[in-house]
Amino acid sequence: MKRIFLIGYMGSGKTSMGKLLAEKLGFTFVDMDAHIEAKYHKTVSQIFAEMGQEQFREIERECLHEVAEFEKSVISTGGGAPCYFNNMEYMNAHGLTIYLNLTIDQLTERLLKSRPGKRPLIDALKGKGLREFIEKAMEVRAPFYAKAQMQLSGDDEEIISSLDKLVASV
Ligand code: S3P
């Protein structure tokens, strides 16, 4: 196994679980949003504000193709990445895809606690209707996420134990 892509909605724990998994495997952790920000010298929020979401999705695809060349890496992808172009098929062809499948309640609770300024789609709500927003987005996104080769769900402890099983099997 050359690389693992972690996919899932914003707040599903791709970054924290990705770092942990990379450490357990002795792989490099790669955060796609951070890769985008370093390449364009702008934050994701700035890219959304200055160039619009459509342009962000083009940039995201281009950066996905770059990070999908990295060997021995665990790649945490942006929550929308699997849902545009043929990105999901691309990831499935380039590594193991793992979907962190959290419930709407879990996602809402975690995103309510998260720092504002980092996630333009959610910041735009200005604190209103987060649960409904996530629910609607998940209806659209779930079929894309469902194409992942593996799905993990539960609380942090359960997900970590599933990751341990995965590490033991490789
Ligand atoms: C997005 C998720 C974000 C980031 C951008 C758009 C989305 O990444 O790529 O704000 O459309 O779900 P995280 O899932 O890492 O927050």
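Note that the structure is a prediction, hence the values are computed from the model and not measured. Atoms within a ligand are numbered from 1 in the order they appear, just like the ligands themselves.
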SB check [X] [Y] (cutoff 4.0 Å):
X	Y	answer
R110	D156	yes
E71	R3	yes
R61	E58	yes
E60	R57	yes
K19	E23	no
E109	K113	yes

Every pair of nitrogen or oxygen atoms between ligand 1 and the protein that is under 3.5 angstrom apart - can you list them with their distances to 0.1 Å?
{"unit_1": "ligand 1", "atom_1": "8 (O)", "unit_2": "D33", "atom_2": "OD2", "d": "2.8"}
{"unit_1": "ligand 1", "atom_1": "9 (O)", "unit_2": "D33", "atom_2": "OD1", "d": "3.0"}
{"unit_1": "ligand 1", "atom_1": "9 (O)", "unit_2": "D33", "atom_2": "OD2", "d": "3.1"}
{"unit_1": "ligand 1", "atom_1": "11 (O)", "unit_2": "R57", "atom_2": "NH2", "d": "2.7"}
{"unit_1": "ligand 1", "atom_1": "11 (O)", "unit_2": "R141", "atom_2": "NH2", "d": "2.7"}
{"unit_1": "ligand 1", "atom_1": "12 (O)", "unit_2": "G80", "atom_2": "N", "d": "3.2"}
{"unit_1": "ligand 1", "atom_1": "12 (O)", "unit_2": "R141", "atom_2": "NH1", "d": "2.7"}
{"unit_1": "ligand 1", "atom_1": "12 (O)", "unit_2": "R141", "atom_2": "NH2", "d": "3.3"}
{"unit_1": "ligand 1", "atom_1": "14 (O)", "unit_2": "K14", "atom_2": "NZ", "d": "2.6"}
{"unit_1": "ligand 1", "atom_1": "14 (O)", "unit_2": "G79", "atom_2": "N", "d": "2.8"}
{"unit_1": "ligand 1", "atom_1": "15 (O)", "unit_2": "D33", "atom_2": "OD2", "d": "3.4"}
{"unit_1": "ligand 1", "atom_1": "16 (O)", "unit_2": "R119", "atom_2": "NE", "d": "2.8"}

